[in-house]
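The structure under discussion appears below in the form of C-alpha cells.
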Protein chains: 2
Amino acid sequence: MSGTRVLVVDDEPQILRALRINLAARGYQVLTAVDGASALRAAADGKPDVVVLDLGLPDLDGTEVIAGLRGWSGVPIIVLSARTDSVDKVEALDAGADDYVTKPFGMDELLARLRAAVRRAAVSVGEGEEAVIQTDSFTVDLVAKKVRKDGEEVHLTPTEWGVLEVLVRNRGRLVAQKQLLRDVWGPAYATESHYLRVYLAQLRRKLEREPARPRHLLTEPGMGYRFEM
Amino acid sequence: MSGTRVLVVDDEPQILRALRINLAARGYQVLTAVDGASALRAAADGKPDVVVLDLGLPDLDGTEVIAGLRGWSGVPIIVLSARTDSVDKVEALDAGADDYVTKPFGMDELLARLRAAVRRAAVSVGEGEEAVIQTDSFTVDLVAKKVRKDGEEVHLTPTEWGVLEVLVRNRGRLVAQKQLLRDVWGPAYATESHYLRVYLAQLRRKLEREPARPRHLLTEPGMGYRFEM
DNA sequence: CCGCCGCGTAAAGAACACGTCAAGGCCCCA
DNA sequence: TGGGGCCTTGACGTGTTCTTTACGCGGCGG
C-alpha cells in the first residue's frame with residue numbers, strides 16, 4: 001500500500017490547513033472538503049481510506065453526512081466535535097461514526113486514532129474465517145448462517161437472523177437500539193424501537209431456555225441490547 | 001522525552017520568578033509571558049507541553065486566552081486564580097481549562113497538578129483502542145459500556161451511565177457542572193445542578209466502597225466533579 | 001452568632017420503556 | 001387462486017427510570 005488516503009472535512013480554514021500539513025508530513029494523501037455536499041462528492045470521487053469529519057458544518061448536519069456516506073461505504077469515520085456538544089457526539093456514533101476526537105485536540109491524539117481506525121478496517125476484512133459462537137443453550141455459526149439448540153437446527157427468518165448476527169458480532173458489547181435498527185432495517189427505521197421488542201422476544205422464545213428470563217440476549221433499558229456468551 | 005516545556009503566564013513578577021526557579025530546579029523548561037497577547041504568541045512559538053495561566057491578566061480576560069489556545073491546541077491548561085473570584089474559575093473550566101489552583105498556593109500542590117496534567121495528556125495519545133479504566137473498587141469499560149464492582153457486573157441506568165462516562169473520559173480533570181449537564185442532559189438543562197447531586201449520589205452508592213466518603217467520584221464544591229482513578 | 005447557600009440523601013408520582021399477544025397485509029410459491 | 005410464512009402494527013399490563021419535592025448537614029459570610 002502506498003499512501004493512505006484521508007478525506008478531511010471542516011469549514012474552518014486554519015484547522016483544514018493544520019491537518020493538511022500534519023497529515024501530508026506523515027505520508028498520508030490528503031483530500032479536503034469544506035461542507036457536507038462537497039464532502040460526499042469528494043468521498044465518491046476520491047475513495048478515501050478514512051474520513052475525518054467536523055460536526056459543525058454550514059450546510060448539512062453531521063449525522064446527515066455520516067448517513068450519506070454509510071449508504072454506500074464502510075469507510076472509517078472519525079468525528080471532530082466541540083467539547084460542548086457531546087449530544088451530537090452520541091448521535092454521530094449512533095449514525096455510524098467509528099470514533100471521535102474532541103476539539104480542541106492534540107495532533108498526536110488524532111493521528112493515533114487515525115492509525116487505529118485504519119488498522120481496524122484492514123483487520124476486519126481478513127478475519128472472516130470460521131466463527132462458531134457457543135452458549136450453554138445454543139450455538140451460532142456466523143459463516144454457515146445456522147443456529148442450533150440442543151443439536152437441533154433452529155429455523156430463523158431473515159430479520160431474526162439479521163438481529164442475532166449484529167448482536168453476536170458485537171458479543172459482550174452493548175449495541176445501541178439505533179445502531180441495531182440501522183444495521184438490520186436501514187437508516188430510515190432508526191426510531192422503530194418496537195421492532196426490536198418484537199424480534200428480541202421471538203429470538204428469546206426460540207433460543208433461550210427461559211425466554212422470560214434471558215441469559216444471553218439481554219436488554220439494557222433505555223440503551224440497547226447485548227449478547228453475552 | 002527530554003525536558004517538559006511549561007509556559008507560565010502571570011503579570012506579577014515575583015510569582016513569575018518563583019515559578020521559574022522552582023520549575024527549572026525540577027528539570028522543566030520554562031517559558032514565560034506577562035499578558036494574554038504574548039501568552040498566545042509564546043504558546044504558538046514554543047509548543048509547550050502544559051500551560052500555567054493566571055486569570056487576572058491586564059489585557060485579556062482569562063477565558064479569552066483559554067479560548068484562543070483551544071482554537072488550535074489541546075495543551076493542558078492549569079488556571080491560577082485568587083480565592084475570591086470563583087465565578088471566573090468556573091468560567092475558565094467551562095472554557096476548556098483542565099484544572100485550577102487557588103492562590104495563594106503551595107508549590108507542591110502546583111507541581112502535583114502539573115505532573116498529573118502532563119501524564120494525562122501523554123496517556124490520551126496512546127489510547128486509540130480498548131478502553132478499560134480501573135480503580136481499586138470498580139472498573140469501567142467504555143466500549144462495551146459495562147461496569148464491574150468486585151467482579152460483579154453493576155447495572156446502570158442510561159443517565160447514570162452518561163454521567164459516569166463523561167467523568168471517566170475526563171478522568172483526573174475537573175468537569176464543570178454546566179459542562180456535565182450540557183453533555184448528559186443537553187444545553188437546556190445547564191442550570192439544573194440538582195440532577196447532578198441526585199445522580200452522583202446514586203453512582204457513589206453503586207460504585208464507591210464508602211458512598212459517604214467517596215474516593216473516586218469527587219465533588220469540588222461550587223465548581224464541579226472529578227473522577228480520580 | 002445566626003442565616004444562607006450548596007451539597008447529599010431519601011422518597012414518591014409521573015413518564016417512559018419493555019415484553020407480550022394478536023391481528024392485518026404483503027409477497028411468493030404451489 | 002389459495003395458502004403459508006413473514007413483516008408490520010396496535011393494544012395492554014408491568015416494571016423501571018426520571019423528575020421533583022422535602023429535609024438535614026456543614027461551611028462561609030454578614
Side-chain angles (χ1 to χ4, degrees), chain A residues 87 145 147 154-164 167 174-178 180-181 183-186 188-226, chain B residues 82-87 89-90 93 102 145 147 154-165 167 174-178 180-181 183-186 188-226:
Chain A
V87 180
K145 292 196 190 292
V147 182
V154 180
H155 174 73
L156 297 186
T157 73
T159 308
E160 285 165 2
W161 172 259
V163 173
L164 182 63
L167 289 175
L174 175 65
V175 182
Q177 301 195 2
K178 274 187 196 168
L180 204 40
L181 287 163
D183 286 0
V184 178
W185 280 269
Y189 293 75
T191 61
E192 303 284 351
S193 57
H194 187 60
Y195 288 10
L196 294 179
R197 288 196 272 282
V198 174
Y199 278 93
L200 262 294
Q202 265 162 7
L203 283 171
R204 282 170 184 148
R205 189 145 32 78
K206 289 185 176 180
L207 301 178
E208 292 275 6
R209 295 213 183 282
E210 293 178 277
R213 236 167 311 119
R215 299 185 44 206
H216 305 103
L217 298 165
L218 308 177
T219 301
E220 301 276 352
M223 303 205 281
Y225 294 86
R226 181 201 305 276
Chain B
R83 192 148 159 279
T84 44
D85 19 84
S86 72
V87 182
K89 268 188 298 201
V90 175
L93 290 169
T102 314
K145 291 201 198 289
V147 180
V154 179
H155 175 74
L156 298 186
T157 72
T159 309
E160 286 164 2
W161 174 260
V163 172
L164 182 63
E165 181 172 11
L167 290 175
L174 176 50
V175 181
Q177 299 193 1
K178 264 191 208 168
L180 202 40
L181 286 163
D183 283 3
V184 178
W185 280 269
Y189 293 75
T191 61
E192 302 283 353
S193 57
H194 184 64
Y195 288 10
L196 296 179
R197 288 194 271 283
V198 174
Y199 278 94
L200 262 295
Q202 258 160 6
L203 282 172
R204 282 171 183 148
R205 187 146 33 79
K206 289 186 176 181
L207 301 179
E208 292 275 6
R209 294 210 185 285
E210 293 179 276
R213 235 173 293 127
R215 298 185 45 206
H216 305 103
L217 298 166
L218 309 177
T219 301
E220 303 268 347
M223 314 251 80
Y225 294 87
R226 179 200 303 270

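Reckoned from all heavy atoms, side chains included, excluding hydrogens, waters and symmetry mates. Quick note on labels: first sequence line is chain A, next is B, and so on, each numbered from 1.
- Taking the salt bridge (Lys or Arg N to Asp or Glu O under 4.0 Å) definition, one finds that A:Arg197 meets it with nothing, sequence neighbours left out.
- Whole-Å rounding puts the B:Glu220 CD to C:dG6 C1' distance at 14 Å.
- A straight line from CG of B:Leu218 to C1' of C:dC7 spans 14 Å, rounded to a whole angstrom.
- Legend: residues meeting salt bridge (Lys or Arg N to Asp or Glu O under 4.0 Å) with B:Glu220, ordered by chain and number and at least two apart, are B:Arg226.
- Look at A:Trp185 and you'll find a side-chain N or O under 4.0 angstrom from OP1 or OP2 of D:dT8.
- Summary of helix geometry: the two end axes of the helix from C:dC1-D:dG30 to C:dA30-D:dT1, each defined by five base pairs via their C1' atoms, are inclined to each other by 30° (rounded to 10°).
- Every residue two or more places apart in sequence or in another chain was checked for a salt bridge (Lys or Arg N to Asp or Glu O under 4.0 Å) with B:Glu208, and none qualifies.
- Proximity note for B:Thr157 (side chain, C-beta onward) versus C:dA10, C:dT20, D:dC18: the nearest is D:dC18.
- In this structure, B:Gln177 reaches the sugar-phosphate backbone alone: every heavy-atom distance under 4.0 Å involves primed, P, OP1 or OP2 atoms, never a base.
- Atom-to-atom, CE of A:Met223 to C1' of C:dC16 comes out at 15 Å; the value is rounded to the nearest Å.
- Taking 4.0 angstrom as the limit, A:Arg204 places a side-chain polar atom (N or O) nearer than this to OP1 or OP2 of C:dG19.
- Counting to the nearest Å, the P atom of D:dG5 and the CD atom of A:Glu160 are 13 Å from each other.
- Spacing between atom NE2 of B:His155 and atom P of D:dC18 amounts to 9 Å, rounded to whole angstrom units.
- Closest heavy-atom contact between A:Lys206 and A:Leu156: CD-CD2, 3.8 Å.
- For DNA chain D, the neighbouring residues in residues 188-201 of chain A, judged by any heavy atom under 4.0 Å, are A:His194, A:Tyr195, A:Val198, A:Tyr199.
- C:dG6 atom C1' lies 16 Å from atom NZ of B:Lys178, rounded to whole Å.
- Between B:Val163 and B:Tyr225, the closest side-chain pair of non-hydrogen atoms is not below 4.5 Å.
- Taking only side-chain nitrogens and oxygens, A:Thr159 comes nearer than 4.0 Å to OP1 or OP2 of D:dC7.
- Heavy-atom minimum distance, B:Pro214 versus B:Leu218: O-CD2, 3.4 Å.
- The minimum heavy-atom distance between B:Leu167 and B:Leu200, with the atom names listed, is CD1-CD1, 4.3 Å.
- Among residues two or more places apart in sequence or in another chain, the ring pair (Phe, Tyr, Trp, His ring centres under 6.0 Å) test is passed with B:Tyr195 by B:Trp185.
- What separates CG of A:Leu217 from C1' of C:dG19 is a distance of 14 Å, to the nearest Å.
- Between the CG atom of A:Leu203 and the C1' atom of C:dT20 there is a distance of 15 Å, given to the nearest Å.
- At distances below 3.5 Å, at least one donor-acceptor pair connects side-chain atoms of A:Arg204 with backbone N or O atoms of A:Leu217.
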